[in-house]
Amino acid sequence: MGMTIAWLDEKDRLTVDLSEVSGWNDCEPKVLIEEASLAIDSVDVNDDRMAQITLTKPMELGKDATLIWEDHVFPIYPRKVVRTAWFDDVYDASEEQLGFHYTKSQTSFHVWAPTAVEVKLLLNNTTHPMSRKSCGAWHLTVAGDWHGALYAYIVTVNGKEQLVNDPYAIAMTANSGSSVVLDLTSTDPDQFRELFYPSIPAEEAVIYELHVRDATVAESSGVKHKGKFLGLTEKNTCTQAGLSTGLSYIASLGCTHVQLLPIQDYARVDEENPKDGYNWGYDPLYYFVPEGSYATDATIPSVRVKECKQMIHAIHQQGLAVIIDVVFNHVFDQAESALEKLVPGYYFRYHSDGQLSNGSGTGNDLATERKMVRKLILDCVNYWIEEYQVDGFRFDLMGLIDVKTMQMVREHCLEVDRPILLLGEGWELDTQLAAEQMASLAQADQLLGISFFNDQFRDVVKGSQFDAVDTGFVNGHGKHHNRMDQLVSGCCQSRFNFAMFLDPKQSVNYVECHDNHTLWDRLLLSNPELDDHARIRMHQLATGLVILSQGIPFLHAGQEFYRTKQGDENSYLSGDAINQLDWERRAFHDDNVDWVRSLIALRKKYYLFRMKTVREIDDHLHMIVAPDPVLGFMLMGVEEDIVVFVNPTDQDRLVEMPATGRWQKCLSNLSKASRIVSCQIDLSTKLGAYELAVWVKRRG
Ligand code: CA
């Protein structure tokens with residue numbers, strides 16, 4: 001029989017299960033906090049011998065408390081009380097600076113653990129008692145230079161004493177063994193904070209999603225530090241045949257933002273033997289620490305910090321901004337996480353029966369709506385902006401984060417001296433919080449300034465994500481063509497059944513990302529009867545639509561050379577052979593790389609492809625009546641008009657230009673050279689099978 005516990009479930013109410021307790025009778029119980037007695041208002045024992053004891057005032061936490069009943073002594077431990085509004089208010093440590101603050105003469109430590117009865121600092125094998133503030137933060141300042149010292153907290157809570165790493169640790173030993181004190185002043189590359197690189201507002205962004213290891217790990221990359229942060233600092237690398245690879249290649253595409261799959265410390269790659277494992281990194285451990293397997297030496301805590309900064313600096317030097325993918329919706333191992341050990345039951349969402357909420361599908365959901373979880377997210381976002389100079393965040397499963405937290409992130413980012421791009425997955429998931437409080441697509445109207453992966457765009461263009469053989473506009477002979485007007489105009493106009501977004505900047509347009517099949521692999525499944533030539537054309541249409549539609553274009557690394565994962569639908573731990581960028585393939589499909597470059601260049605050249613508001617789109621974007629299922633639209637500008645036609649069929653089609661004048665065909669996936677075509681009004685022009693073509697006409 002286990003020890004019976006009196007659980008504090010509300011600020012003034014205990015629950016005790018007496019069914020296993022013998023010799024219990026009706027005598028009055030007593031509650032003691034340390035030695036002092038606490039008055040009881042009422043005692044209620046039901047037929048199942050479950051006792052509810054109501055106190056006359058809230059119980060003070062962080063002190064030894066016991067319930068004495070007859071000759072039984074029960075320890076009182078906080079349980080559901082940590083998830084009450086009362087707890088969030090009374091133990092609000094939002095204003096505390098958690099983690100350590102280092103100087104050469106002393107280091108101070110702060111950790112929040114309001115339900116702990118004792119917290120000690122273990123600093124290089126020496127134990128120091130810490131003092132408690134009323135908000136539940138424990139603190140201590142230790143004289144001396146502690147740069148490089150290992151530390152942890154010895155926390156006594158709910159009857160257990162445990163050694164806990166600092167959830168605010170900024171440096172760790174290999175494989176998240178121990179938190180480390182680090183003097184950050186020597187970790188910056190030269191000119192890290194002075195470097196000028198373009199400030200890119202959301203409407204100008206073209207995002208390129210990249211995994212640090214995939215980027216350079218292939219033999220064919222010609223990169224020295226393969227699979228490492230430093231691999232993305234090497235310039236002018238190339239294949240044996242002399243075609244560009246790595247960072248220089250990426251910069252040559254014309255994208256504006258590199259979005260990195262998680263680079264915060266994650267669990268499932270052995271940092272001392274990274275070649276033995278592989279992971280995308282959606283298994284977060286320490287949010288303020290760069291992942292060690294990307295460092296040349298994970299055992300020296302400063303190395304990953306320096307090398308991560310070097311990578312970001314090198315990307316900035318190419319004129320590119322850096323977005324990091326942050327996984328604030330769950331932790332790798334809830335029971336073993338520092339958060340759970342410090343404040344049991346607080347950081348996660350629970351169902352009323354005490355089971356963990358699992359909207360993330362990974363076993364736990366972080367309760368972002370609680371003050372100190374929100375603080376952790378805000379502090380972390382701020383830290384990566386300030387310390388690592390990142391320019392944006394992609395929120396994994398943002399639909400699990402509450403609206404208010406995302407609004408506060410946005411407000412915070414508006415204060416930064418450069419544009420910070422915020423985007424996320426707004427999927428609506430089954431988590432223990434009201435749907436209208438979640439930062440899902442349905443709440444986009446409350447989240448201006450935050451962009452969402454547009455699943456409608458993805459599914460209409462190539463077929464439903466949830467049916468691998470389904471087809472869409474480009475691979476289904478123009479299927480869904482009646483929805484294309486909504487897609488190309490950013491899904492923000494009220495003239496359609498519903499506007500998904502308040503403005504086009506909220507729409508992240510994509511047909512491929514790290515999840516699910518690559519577009520190439522998908523086309524092999526959805527269109528097996530066709531040859532590669534036809535699939536190449538469909539692929540070109542899909543990528544073309546991504547880049548020329550209103551909203552933010554999003555490309556998955558390698559999409560521009562028909563990336564394949566050999567049919568692997570979820571390659572999160574499939575290893576390098578499946579995941580690595582294949583630079584031989586990039587060389588082989590250099591023509592298509594050029595196609596994507598020219599699409600991006602066109603988008604950058606004409607403001608009409610990247611309008612900021614619904615009003616502008618209303619005024620300047622007009623659909624052209626074309627023979628079904630051909631898509632045509634016209635962008636009417638001040639200096640020029642632009643016409644885009646897309647033919648999703650395998651037959652030539654005749655289309656009519658919408659106005660007389662000299663139209664210049666400036667882009668087509670069927671021909672490289674641009675040529676001048678003069679058209680009269682009503683004069684038909686031919687559109688080839690699977691052709692996406694753009695014409696421009698100067699005004700006046
Ligand atoms: Ca790790």
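Computed from a prediction, not measured in an experiment: that's the story for all the values here. Indexing begins at 1, ligand by ligand and atom by atom, following the structure's order.
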Is a side-chain donor-acceptor pair under 3.5 Å present for Y208 with E560?
-> yes
Taking the six-membered ring for Trp, are the ring centroids of Y249 and W583 within less than 6.0 Å of each other?
-> yes
Backbone or side chain, does N175 get an N/O/S atom under 3.0 Å to the Ca ion (ligand 1)?
-> no
State which residue, out of Y383, F328, Y266, fulfils the ring-ring contact (aromatic ring centres under 6.0 Å, His included) condition with Y287.
-> F328
Looking at the Ca ion (ligand 1), which N/O/S atom of E291 is the nearest one?
-> OE1
W112 and Y346: aromatic ring centres closer than 6.0 Å?
-> yes
Which value, rounded to 10°, describes the O(Y266)-the Ca ion (ligand 1)-OE2(E271) angle?
-> 170°
Tell me which N, O or S atom of D265 sits nearest to the Ca ion (ligand 1).
-> OD1
